[in-house]
Every structure is written in C-alpha cells, then in structure tokens.
Amino acid sequence: MIGAPLAGIRVLDLSTVFMGPYAAQILAEWGADVIKVEALSGDQVRGVGDSAGSGAGPIFINANRGKRSLAVDLKAPAARDVLHVLVRASDVLVHNIRPPAAERLGITWESLREVNPELIVCAFRGYGAGGPYADRPAYDDVIQAASGVADAQAAAGGEPDYWRSAASDKVMGIYGAAAACAALRAREVDGAGRPVEIPMFEGMASFMLLERQGGWLGDPPTGPTGYPRTDSPHRRPYATKDGHLAVMMYADKHWTAFFEMIDRPDLAADPRFRDIGGRTRHIDELYGLLAEAMLMRTSAEWSEAFERADIPHGPVNAIEDLFTDPQLTATDFFHTVEQPGVGRVRLARCPVDLGTAPRAPEPAPLLGQHTREVLTEVGIAEEHVQRLLDDGVVAVDQR
C-alpha cells in the first residue's frame with residue numbers, strides 16, 4: 001500500500017459553513033494537513049445542532065473532521081503578518097470570502113503570490129468573476145433556484161422545490177477538491193501557483209445541463225429541455241404489497257426480464273418499449289405499468305426476483321438505517337472516535353479507495369485547539385505567540 005496521496009501538502013482552510021469546509025475535509029481525508037483558520041468566534045456552523053453546547057455540532061464535525069484549528073482575528077493589523085507566515089508554509093489556501101472582503105483582508109491571489117508564488121488559492125464564489133452577479137452573496141437555496149434545480153423538481157406538475165439536502169454546497173465542494181488536486185498537479189509541471197475559482201452558479205448550471213439540456217443542445221433549439229425518465233411522475237420508490245422498493249431498469253435485458261416476470265413477454269417486442277429510444281418517449285406509460293405491477297408482490301418477493309435477474313434494486317432507507325446497513329457494516333464504513341468536548345461519535349470513513357493504506361476518520365478540532373502548535377510549527381517564536389494571545393489577535397481552546 002502506498003501512503004496517502006496528499007501527504008506533505010498543507011492546506012489553509014479559511015472557509016466557513018458547508019462548501020469550502022467540505023472541499024478541505026476531502027483533502028484532509030486524502031492525506032493533506034488541513035489548518036482550519038477560524039475567527040475568534042469560530043465557524044458559525046459550530047452551533048448548528050449543538051444541543052450540548054460542546055462547540056462542535058454534527059454538521060461542523062462532519063465537515064471539519066481531521067483538521068487542526070487556529071483561531072485568529074484576521075481583521076487585526078498584526079494578523080496580516082501571521083497570515084503571511086502561514087502562507088509561506090502552505091501549498092493551498094481555500095476560502096469563500098466575497099471578493100470585496102477578500103480584497104480588504106489581503107486574501108487574494110494577486111496579494112498572496114508576492115508572499116508565496118507557489119501557493120494555490122481556491123476561491124469559492126456564488127457567481128463567477130466578470131458577470132453582473134459577481135459580488136452577490138449566495139447560499140445553497142439561492143443557487144438551487146438559479147441553476148434550474150428547483151424548477152426541475154416541478155417537472156411532474158408540482159411547485160418548484162429544493163432538494164432536501166444542501167446539494168449545491170456539497171457538489172461544489174467536490175468540484176473544489178478536484179480543482180485543488182488538478183492545480184497541484186499543474187504546479188508539479190511548471191512550479192507555479194495559481195488562482196482557482198469555483199463559482200456555485202456556473203458549477204451547478206453545468207451539473208444540471210448534463211442530462212437536462214435536451215433539445216437546447218442544438219443552436220437553434222430542436223426540442224424542449226429536460227430528461228423524460230427523471231421527469232416522469234411515476235419515478236419514485238415503488239409501493240409494494242407491504243412497503244416500498246427502489247428499482248431501476250434501464251438496459252434492454254432488464255426490461256425483457258421484467259416483462260417475463262409479469263407474464264407479458266409480448267411487451268418486449270412492443271414498438272413503444274423494445275429499445276431505449278421508444279422507452280424514453282413512452283416513459284410515463286412504462287413507469288405507470290411498473291408501478292401497477294409492483295403492488296402485486298411483497299418487497300421481499302420482488303427483491304428475490306430482481307436478484308435472480310440482476311436488476312438494480314434496493315431498500316428505501318431512512319438515514320437511521322444506514323448505521324445498520326449490511327453493506328456499510330461489512331465494509332467498515334463507520335468508525336467510533338472520541339470527539340473533544342462531545343464524547344464518542346460515529347464518523348464515516350472516506351468512501352473512495354485510492355489504493356492507499358486505510359485511514360480511520362479523525363475528530364474535528366475544538367476552536368483554537370491547535371493555535372499554539374501550528375504557529376510555532378511554522379516558525380513563530382513562542383514568546384511572539386504568547387504576545388499574540390495576550391493581545392487577543394489569536395486564541396486557544398479554553399476547555
């Protein structure tokens with residue numbers, strides 16, 4: 001087994017809430033030393049769901065596990081020098097600070113390249129530079145609406161709606177982690193740092209267009225947008241005699257096997273259903289037929305039949321069910337660790353196998369838990385660190 005692919009890479013994570021922290025957390029899972037640089041009050045998401053007052057709620061823990069925390073008032077004049085010392089010792093800086101504020105704080109590629117020309121600055125933004133929305137604030141809900149996500153939920157005749165997940169934040173966090181890795185690879189070639197922009201609106205627009213651009217791929221358009229299969233009102237977990245089951249038939253062999261199961265082998269030759277083009281055009285009829293058939297057997301009976309036919313299917317799990325799911329249990333997906341200030345918590349391991357030695361998840365840091373450690377590590381003398389603490393420029397965990 002080789003070591004973690006990002007071992008030896010240091011990341012300064014100045015981001016807050018979901019998107020940037022998720023990107024940096026992925027980099028930590030892949031071996032990077034991630035320093036979470038927080039305001040003296042901490043990332044605001046620390047308080048979400050923190051019923052025990054521990055300083056680390058469930059979302060914060062999941063988005064920041066495996067990082068070290070340094071608490072600093074970046075608005076203090078003396079903090080500029082601290083930031084520059086950290087930048088000189090780092091490879092990547094991640095932030096989601098809006099452009100005007102980033103300019104004021106000196107957290108831009110143009111200013112930081114003078115400090116470390118090999119630094120990669122990954123800036124998460126609501127909207128790309130150069131457009132009329134460039135300086136607007138944005139959160140997940142706003143971007144789901146702007147990018148077509150909310151409207152797509154109304155395709156079956158309902159009202160616009162959001163995914164019940166901060167999906168835009170998480171999708172863009174994955175984009176950001178990939179972009180940071182690409183920039184690190186480019187630096188291996190030319191030795192230069194670079195600015196990396198990760199705009200939510202443009203990213204989610206690209207994400208949605210993949211399968212929903214439809215006839216608007218042509219210029220001029222040749223048909224409507226959308227994807228009939230996912231727009232069908234019958235596309236949902238199917239009711240059975242005793243519950244619900246997810247099933248996804250796509251290939252010819254899947255539908256042929258299913259038509260045999262319901263004693264309608266003739267449907268395999270029906271022009272509406274005999275190939276993927278016909279099935280797509282008549283998807284509402286096909287999924288309506290499937291929904292009716294599923295009511296005729298129990299979930300266990302259908303599961304057994306689908307298993308024999310190698311048709312993709314599965315249970316409809318609640319979040320709570322994941323902790324006892326046989327697949328996740330068998331693959332050691334969850335690990336119990338001691339979370340400072342909280343106690344024993346269950347964390348999911350990295351879901352991606354990179355061919356490296358397995359890494360158990362690590363806890364999230366308390367606010368300022370590693371302030372002294374990190375500052376001395378990057379070369380700031382102990383007496384200077386103490387002066388910064390006394391002046392309220394930086395802080396350490398007081399628990």
Side-chain angles (χ1 to χ4, degrees), residues 1 3-7 11 13 15-36 38 42-70 94 140 163-174 176-177 237 243-244 246 314-370 373 397 399:
M1 285 283 190
L6 295 184
V11 177
D13 177 15
S15 65
T16 60
V17 192
F18 283 24
M19 179 170 50
Y22 185 43
Q25 187 268 321
I26 293 170
L27 299 178
E29 285 188 328
W30 295 344
D33 174 22
V34 179
I35 311 301
K36 184 169 181 67
E38 300 186 69
D43 186 335
Q44 61 184 304
V45 85
R46 280 182 174 274
V48 177
D50 181 21
S51 57
S54 66
I59 296 173
F60 178 85
I61 291 171
N62 273 324
N64 295 281
R65 60 196 187 192
K67 303 178 186 180
R68 296 190 285 169
S69 173
L70 185 159
V94 175
D140 184 89
W163 286 327
R164 292 178 183 252
S165 173
S168 298
D169 279 327
K170 291 185 284 187
V171 168
M172 296 313 300
I174 296 169
H244 289 82
V316 182
N317 283 332
I319 294 297
E320 295 86 346
D321 297 327
L322 299 180
F323 299 102
T324 55
D325 183 271
Q327 172 70 21
L328 298 181
T329 300
T331 57
D332 295 322
F333 186 71
F334 291 107
H335 291 252
T336 301
V337 303
E338 286 294 326
Q339 171 63 43
V342 177
R344 288 164 60 88
V345 298
R346 287 179 292 194
L347 297 179
R349 62 166 172 77
C350 177
V352 179
D353 183 351
L354 296 169
T356 62
R359 289 167 54 89
E362 299 175 8
L366 294 173
L367 176 60
Q369 181 179 344
H370 305 95
E373 172 184 296
D397 170 56
R399 293 173 188 273

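The shown structure was predicted, so the numbers you read here are calculated from the model rather than taken from an experiment.
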Distance-minimising heavy-atom pair for Ala364 and Pro340: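 Heavy-atom minimum between the residues: O-CD, 3.9 Å.
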For Glu29 and Pro351, the nearest pair of non-hydrogen atoms, with its separation, is OE1-CD, 4.3 Å
With Arg344, which residues qualify under side chain to side chain contact (heavy atoms under 4.5 Å, CB included), at least two apart?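 Expected list: Thr336, Glu338.
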First locate atom OG of Ser165, then atom NZ of Lys170, and finally report the distance between them rounded to the nearest 0.5 Å.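 Nearest 0.5 Å value for the OG-NZ distance: 3.0 Å.
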Short side-chain donor-acceptor distance under 3.5 Å, Ser69 and Gln369: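 Side-chain D/A pair, Gln369 to Ser69: absent.
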Please determine if Arg346 forms a cation-pi arrangement with Phe323, meaning its NZ or CZ atom is less than 6.0 Å from the six-membered ring centre and no more than 45° off the ring axis. yes
Hey, does the Lys NZ or Arg CZ of Arg349 hover above the aromatic six-ring of Phe333, less than 6.0 Å from the centre and inside 45° of the axis?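 Judged by the rule, Arg349 and Phe333 form no cation-pi pair.
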With side chains defined as the heavy atoms from C-beta onward, is the minimum distance between [X] and [Y] less than 4.5 Å?
| X | Y | value |
| --- | --- | --- |
| Asp43 | Lys36 | yes |
| Arg359 | Cys350 | no |
| Met172 | Met19 | yes |

Main-chain N/O of Pro21 paired with Lys67 side-chain donor or acceptor, under 3.5 Å: yes
Polar side-chain atom of Asp321 near backbone of Ala318 as donor-acceptor pair, under 3.5 Å: yes
